[in-house]
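What follows is one structure encoded as structure tokens, with my remarks underneath.
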Amino acid sequence: MIIVMRKGATEAQVNDIVERVRAAGFGVHLSQGEERTIIGAIGGDRAVLADLNLEAAPGVERVTPISKPYKLASRDFHPEDTLIRIGGTTVGGNDFWVVAGPCSVEGRELLLEAARLVRDGGAHALRAGAFKPRTSPYSFQGLGEEGLKYLAEARAVTGLPVVTEVMDTRDVELVAEYADVLQIGTRNMQNFSLLREVGRANRPVLLKRGMSATIEEWLMAAEYVMSEGNHQVILCERGVRTFETATRNTLDLSAVVVAKSLTHLPVVVDPSHGVGRRDFVVALARAAAAAGADGILVEVHPRPDEAKSDAAQTIGPAAFHQMMHDVAAILQVLGRRLPAAAAVHV
């Protein structure tokens, strides 16, 4: 249920409604926009709330039930776009966020080389996996805490915030010590224990869509994180599994448009996993920008053929620079902005 306050409602009127809702056994989320304040009543018995007759209370414009199962993530609950500050860049709104780097942390020198490459190319954050979920138990699984330390060093050298995946509830605290953004991978989108744990962490969460998940299931996963108090959630479309075999996955760019109509959370796109072929990545990065995505997550390696993880979908320096040029041109046409990276050159 949401209670929309009238334009010009006083602080005392807002506080009165908040106290009455809490006294009825509901959680409260306050969304204060430029013109109106919206009070979200979370949980509890809707019939009890109806008995409060809040529509007649001073300062209340209307009381509206939220029919969607994802309350906190719903645009009904929070009409204005959520803006998340990561490093020197805002995710959401008019700016376009670019996260780039190798699939996995392969070693110190390689990571530092890759970090400098993407920094100089204009990326706003560095991505690389210290813990890697792989289909085969015999594939490279990442360097673990050693890899996290290399990521922290790369951040110190380049100034780029770090985005890396956490796979286990037992590792959330450790990863949060090193990372600026906690990534939840496609295989863990419905790992509800992990979602609750990152919801209790004081870090933005990049939530990838499950490879077979509907948009509603994806938003419900975000709701799990938000229900624990962490509203800094970034949704990432990374392709879904279909009958098509020409690409690794089918990148669902319609999900960007649909999700942004349903939720206030930022929505970014991972074209690398979306198709699994480096020759298609740049084109789909352009398409993501044109579709209205809030950013892209791209696998970039100084020598992509040598990458230990996902070499087939990893682009090299020339393709990365071309992609950044093309995306900037498309954003300019749309009246949006590819902000300069606020990075330290060392």
Side-chain angles (χ1 to χ4, degrees), residues 34 78 80-102 112 114-128 151-152 154-164 179-183 203-208 231-238 253 256-257 259-260 263-272 274 281-300 315 317-346:
E34 293 183 4
H78 191 296
E80 298 177 354
D81 289 343
T82 286
L83 307 180
I84 301 173
R85 193 73 176 172
I86 298 173
T89 306
T90 299
V91 186
N94 200 50
D95 287 353
F96 193 82
W97 189 51
V98 178
V99 185
L112 290 174
R116 291 187 178 99
L117 163 64
V118 300
R119 175 202 63 188
D120 295 345
H124 308 108
L126 172 67
R127 58 137 297 140
L151 284 167
R155 176 178 53 214
V157 168
T158 64
L160 292 176
V162 166
V163 180
T164 195
D180 299 281
V181 180
L182 304 177
Q183 177 180 310
R203 289 286 184 273
V205 175
L206 190 144
L207 178 63
K208 287 199 168 186
H231 292 204
Q232 298 185 90
V233 179
I234 303 164
L235 300 169
C236 182
E237 162 59 37
R238 49 78 68 202
L253 290 178
V256 174
V257 182
K260 287 183 70 65
T263 182
H264 53 90
L265 299 173
V267 182
V268 302
V269 171
D270 178 351
S272 300
V281 167
V282 174
L284 287 170
R286 294 194 298 254
D294 293 300
I296 49 176
L297 186 76
V298 184
E299 294 188 351
V300 181
I315 62 174
F320 176 62
H321 287 290
Q322 183 65 52
M323 181 196 76
M324 295 295 284
H325 174 271
D326 294 352
V327 165
I330 290 169
L331 293 171
Q332 185 176 17
V333 170
L334 297 174
R336 298 183 64 199
R337 191 172 77 106
L338 182 67
V344 178
H345 288 259
V346 177

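Sorted by first and then second residue, the side chain to side chain donor-acceptor pair (under 3.5 Å) pairs with a member in residues 91-101 read D95-R337; sequence neighbours excluded. Listed by first and then second residue, the salt bridge (charged side-chain N to carboxylate O under 4.0 Å, His left out) pairs involving residues 318-331 are R286-D326 (not counting sequence neighbours).
No donor-acceptor pair closer than 3.5 Å links the side chain of D294 to the backbone N or O of V268. Proximity of a side-chain donor or acceptor of T164 to a complementary backbone N or O of A128 within less than 3.5 Å is detected. For the pair H124 (side chain) and P339 (backbone), a donor-acceptor distance under 3.5 Å is present. S272 contributes a side-chain N or O that, together with a main-chain N or O of E299, makes up a donor-acceptor pair within less than 3.5 Å. Distance alone, capped at 3.5 Å, places no donor-acceptor pair between the T263 side chain and the A259 backbone.
Every side-chain contact (heavy atoms from CB on, under 4.5 Å) that A328 has, sequence neighbours left out, goes to L338. Applying the side-chain contact (heavy atoms from CB on, under 4.5 Å) rule to R203 yields the partners A176, L182; only residues at least two apart in sequence or on another chain are considered. With sequence neighbours excluded, the residues forming a side-chain contact (heavy atoms from CB on, under 4.5 Å) with R85 are T90, listed by chain and number. A288 pairs by the side-chain contact (heavy atoms from CB on, under 4.5 Å) definition with L253, V269, A293, I296, not counting sequence neighbours.
Summarising the geometry of A100 relative to A123, their closest heavy-atom pair is CB-CB, 4.2 Å, with the distance given to 0.1 Å.
Within the model, atoms CG of L235 and NZ of K260 stand 9.5 Å from one another, a figure rounded to the nearest 0.5 Å. With rounding to the nearest 0.5 angstrom, the CD1 atom of I315 is 5.0 Å from the CE atom of M323. Within the model, atoms CD1 of I84 and OG1 of T89 stand 12.5 Å from one another, a figure rounded to the nearest 0.5 Å. Once rounded to the nearest 0.5 Å, the distance linking CG of L206 with CZ of R127 reads 9.5 Å. Atom-to-atom distance recorded for I330:CD1 and R336:CZ is 11.0 Å, nearest 0.5 angstrom.
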Under the side-chain contact (heavy atoms from CB on, under 4.5 Å) criterion, do V118 and L160 qualify, and how do the steps go? CA-CA 9 Å; V118 300; L160 292 176; 3.9 Å; yes
Quick one: do I234 and I86 satisfy side-chain contact (heavy atoms from CB on, under 4.5 Å)? Show the steps, please. CA-CA 11 Å; I234 303 164; I86 298 173; 3.7 Å; yes
